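Just so it is clear, the model here is predicted, and its values are computed rather than measured. Just follow the structure's listing: the first ligand is 1, and inside any ligand the first atom is 1.
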Amino acid sequence: MYPHRKIEKKWQRIWQDGQVYRSCTGSKKPKYYILDMFPYPSGAGLHVGHVTGYTATDILARYKRTTGYEVLHPMGWDSFGLPAEQYAIRTNTHPQVTTEKNIATYRRQLQSLGFSYDWSREVTTSSPDYYKWTQWLFTKLYEKGLAYEAHIPVNFCPAMGTVLANEEVEEGKSKEGGFPVERRPLRQWVLKITEYAERLLEDLVELDWPENLKRLQENWIGKSEGCYIDFPVLDSGQNVRAFTTRADTIFGVSYLALAPEHPLLVEITSFASRASVDDYRQISLRKSDLQRKESKEKTGVFTGAFAEHPFTKAPIPIWVADYVLADYGSGSVMGVPAGDDRDFAFAKSHNIPILPIYQPQQTACPDELDWEEFEQGVLAGKICYTKEGTLINSSHNGFSLDGLSTSAAKCAVARELEKRQSGAKALHYKLRDWLFSRQRYWGEPIPILHFPDGTKRCLEKDELPLMPPFLEDFSPSKEGKSPLQGVPSWLHIHDLKTGKNAERETNTMPQWAGSCWYYLRFLDPHNEQEPWSLEAEKYWMPVDLYVGGSEHAVLHLLYARFWHKVFYDLGLVHTKEPFRVYRNQGLVTARSYRKKSGGYVAAEEVEKLEGEYLHRNTKEPIFTQIEKMSKSKLNGVSPDEILEEYGADTLRLYEMFMGPFQKDKVWNKEAVSGCYRCLSRFYQGVFSDKICAVAAPKATRLAHRLAHLVRQDIESMQFNTAVAHFMTFLNEFLPLPAYPREALLMAVQALYPFAPHIASEMWEHLGGEGSLSFAPLFPVDPMQLQEMELTYVVQINGRLRANLHLPKDASKEEVLAKAKELENIQKHLIREIKKVIFVPNKLLNIVLEKEGS
Ligand code: ANZ
């Protein structure tokens with residue numbers, strides 16, 4: 001209905017050939033750095049779900065340019081790492097080859113959507129001129145003592161032949177691929193992210209990020225304040241030191257439990273218990289932390305040893321139990337069955353006494369229990385009480401907690417422990433150091449040389465990039481060795497700098513490495529002397545808006561914040577945080593079709609008969625479901641399909657019209673054509689003979705109103721309502737007898753960030769001044785917006801008492817405040833207000849207390 005192919009090609013060529021969206025470092029204008037999460041270029045290409053975020057940021061980038069900002073809007077490829085390598089293995093081609101091919105597809109797709117990226121700044125994490133600097137930054141971390149080697153039990157995935165970070169494992173399986181994961185000790189590189197735990201937590205406060213996302217990071221860091229309590233082991237000079245956040249429960253301790261890895265275990269285990277403890281250890285060490293934490297059954301074995309209670313001096317049995325984790329707190333627990341669910345379960349299955357220490361609070365009684373039953377149960381040690389309350393049965397030799405509240409008791413115990421020198425205050429974080437090595441081919445080689453005498457050194461800047469050898473066979477070995485170990489000519493070298501023979505490190509970095517700093521490389525992507533210049537950093541940082549998927553809430557965003565803080569300490573950046581504002585895009589979902597016998601089928605293979613879905617050929621019944629778009633579920637829609645039929649502007653408009661940006665949305669192909677028709681109608685209007693030079697009041701008012709509403713919506717990222725305003729505008733504007741040019745130019749400008757090709761074509765046709773991409777916005781005349789006031793009905797007890805003229809979308813509070821100013825309302829407010837019912841943009845009903853109440 002309008003020549004979208006011709007128009008879009010034309011403008012894309014103009015933008016690309018003229019490098020129109022190149023951003024200028026150090027310009028006099030205020031800067032706006034708007035960043036997308038760069039994709040890893042998988043073989044499947046983009047689907048329309050990926051495009052929502054990119055469309056939103058492009059709208060903002062284009063809009064900001066017209067409001068006078070120097071905008072940096074870059075794009076690149078996160079092309080190292082597991083997904084790229086897995087794809088290469090599946091298709092039996094070298095990752096270099098597949099990566100290049102996939103990047104070309106992604107670039108073509110993004111360019112055909114008309115995104116205004118500064119393509120001169122494109123970066124690729126797997127290219128040597130990029131990873132040279134990833135390696136160099138690693139050496140900076142190493143020099144700062146933040147990278148170390150350790151033999152640690154790691155999550156090993158035999159199917160993929162690699163180690164995975166905790167974050168890459170879910171319920172004992174690899175997140176990527178769903179393969180079983182087991183624990184194995186391996187020499188690894190680890191980054192000391194824990195040294196930054198407190199700052200990573202503290203600085204969350206100043207970030208404009210969704211609250212739920214901040215909570216996720218907070219929980220991941222998991223700060224716990226508590227204390228260590230020392231329990232002297234009988235007949236040995238040793239102490240078992242337990243970390244607890246509940247020192248108040250000290251009189252409820254009836255056993256101690258050590259993690260199977262605990263160094264004291266061998267020493268204190270009695271002769272008689274040695275065999276059983278040993279067997280237990282062997283079994284436990286094969287389990288992952290997650291399995292150990294989440295197993296319902298709390299297993300364990302008695303060591304035969306006892307420790308002394310610090311206050312009562314009673315002997316306390318010491319057990320080994322694998323629900324106790326080696327690397328949290330001190331790797332041991334003071335067991336309080338009456339106050340902790342895990343300890344309760346453990347005590348029950350091993351016949352350990354349960355010592356009740358709390359008088360429960362009635363408010364803590366669960367709904368399904370009767371209060372009396374609950375109270376009796378807690379007091380008899382038959383029900384575990386994990387809430388706060390008043391302490392009982394907690395005194396010995398003049399030291400008493402009885403009658404104290406939980407918090408008062410915690411303080412009293414801490415003080416007493418200090419006095420007796422049998423404990424200390426302690427702070428713990430759940431956050432673990434970051435396992436930073438992988439036994440893979442397709443990653444940045446870690447730039448370290450090992451010498452025969454056990455010393456090592458980092459490669460220097462002039463020795464980087466350290467490139468991996470070109471391997472035909474890059475599959476991981478089943479023993480967890482890096483494929484690089486199989487290349488002697490690369491592995492063994494004579495080091496010219498030291499004159500010694502050396503062996504190269506064969507581990508590579510995880511896929512997160514490149515994305516920890518890409519936002520900084522965009523600032524200065526061709527710099528050959530340094531990863532970025534301080535001058536560029538000073539001008540552009542921090543990122544003003546970062547948009548991405550919620551799946552990166554913890555990993556990428558935490559790792560990048562960590563590296564950034566290290567850069568800050570090194571004087572490489574001037575802000576403490578990289579991403580000032582962050583917004584999540586909602587998922588795009590679509591209907592998927594699954595056969596009863598298993599396996600998904602494409603929508604084209606399905607027919608609907610009398611409300612039931614059947615496989616077109618076999619007539620087999622089909623289950624349908626709305627799920628996240630993905631290639632594996634065959635419910636992904638390629639932008640290419642839509643581009644061909646309707647063009648980029650329609651796709652962009654529809655992506656935004658689907659629903660609120662930050663909410664999940666369902667893709668509906670039929671609705672795409674509605675957006676296309678809307679653009680066509682506007683196009684026909686603009687290219688009709690109804691254009692006139694004289695202004696007309698209604699047309700002017702409609703245009704100002706549209707401009708005002710759309711700008712407001714863009715600023716608050718409510719893109720769906722902006723599109724709705726545009727549609728309303730068309731419905732009211734197109735029937736007018738004549739189209740004043742000024743009004744049309746204003747409407748074209750409002751449409752531009754959403755549908756830049758068609759808008760540019762119209763701008764040119766109407767003789768708009770200069771390039772639409774940079775034309776300053778027409779000022780909105782507030783006089784033209786008066787129509788935006790609405791009449792609100794004000795009732796008291798359901799009876800009409802007044803009408804109020806107030807701006808559209810006034811809040812309940814605003815309307816109520818205004819209503820209270822009216823005489824006729826004041827007169828009727830004779831009793832207290834019981835409640836206020838508010839129907840936005842319509843009505844306020846004030847309900848008064850009944851007489852005499
Ligand atoms: C006694 C106690 C009594 C505890 C009670 C809780 C409730 P958060 O708050 O998550 O930091 N703990 C300590 N070290 C552990 C380890 N290595 N593995 C498993 N559990 C460990 O958890 C702190 C609590 O977790 C500590 O407080 C300890 O149990 C347990 F009514 O000590 B508590």
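- Defined by atom type and a distance below 3.5 Å, a donor-acceptor pair is missing between the side-chain atoms of His552 and Tyr559.
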Please test Thr299 against Tyr280 for side-chain hydrogen bond (donor to acceptor under 3.5 Å, both in side chains), starting from the C-alpha separation and ending with a verdict. CA-CA 9 Å; Thr299 60; Tyr280 183 74; 2.7 Å; yes
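- For the 3.5 Å distance criterion, the side chains of Tyr429 and Glu198 qualify, holding a donor opposite an acceptor.
- Nearest to atom 7 (C) of ligand 1 by heavy atom, out of Arg246, Arg292, His262, Glu225, is Arg246.
- At the top of the distance list for atom 10 (O) of ligand 1, counting protein heavy atoms only, stands Lys430 NZ, 2.7 Å.
- Atom 19 (C) of ligand 1 has Tyr323 O, 3.6 Å as its closest protein atom, hydrogens excluded (heavy atom only).
- At a heavy-atom cutoff of 4.0 Å, ligand 1 is contacted by the side chain of Val333 but not by its backbone.
- Less than 4.0 angstrom separates some heavy atom of Met334 from each of these atoms of ligand 1: 1 (C).
- Ligand-side atoms of ligand 1 in range of Thr249: 3 (C), 31 (F), range being under 4.0 angstrom from any heavy atom.
- Between the side chains of Tyr196 and Asp569, at least one donor N or O sits under 3.5 Å from an acceptor N or O.
- Regarding atom 30 (C) of ligand 1, its nearest protein heavy-atom neighbour is Arg342 NH2, 3.6 Å.
- Remark: Glu551 CD is packed, more than 12 non-hydrogen atoms of other residues, nucleotides or ligands lying under 6.0 Å away.
- Between Arg292 and Pro260, the closest heavy-atom pair is NH2-CD, 3.4 Å.
- Here the protein heavy atom with the shortest distance to atom 31 (F) of ligand 1 is Gly339 O, 2.9 Å.
- Nearest non-hydrogen protein atom to atom 18 (N) of ligand 1 is Leu325 N, 2.9 Å.
- Open room surrounds CD on Glu372; 12 or fewer heavy atoms of other groups in view lie less than 6.0 Å from it.
- Atoms of ligand 1 lying under 4.0 Å from at least one heavy atom of Asp340, given by number and element, are 5 (C), 6 (C), 7 (C), 31 (F).
- Heavy-atom contacts of Ser224 reach the following atoms of ligand 1: 8 (P), 9 (O), 11 (O) (cutoff under 4.0 Å).
- Side-chain contact check for Asp433 and Thr194: at least one donor-acceptor pair (N or O, by modelled atom type) lies under 3.5 Å.
- Of the heavy atoms in Thr245, both backbone and side-chain atoms come closer than 4.0 Å to ligand 1.
- In this model, no donor atom of one side chain and acceptor atom of the other lie less than 3.5 Å apart for His350 and Tyr255.
- Distance from atom 33 (B) of ligand 1 to its nearest protein heavy atom, with residue and atom name: Thr244 OG1, 3.5 Å.
- Atoms of ligand 1 found under 4.0 Å from any heavy atom of Val324, numbered from 1 in the order shown, are 16 (C), 17 (N), 18 (N), 19 (C).
- The single protein non-hydrogen atom nearest to atom 28 (C) of ligand 1 is Phe243 O, 3.6 Å, given as residue, atom name and distance.
- Side-chain contact of Trp209 with Gln217: a donor-acceptor pair under 3.5 Å is absent, judged by distance alone.
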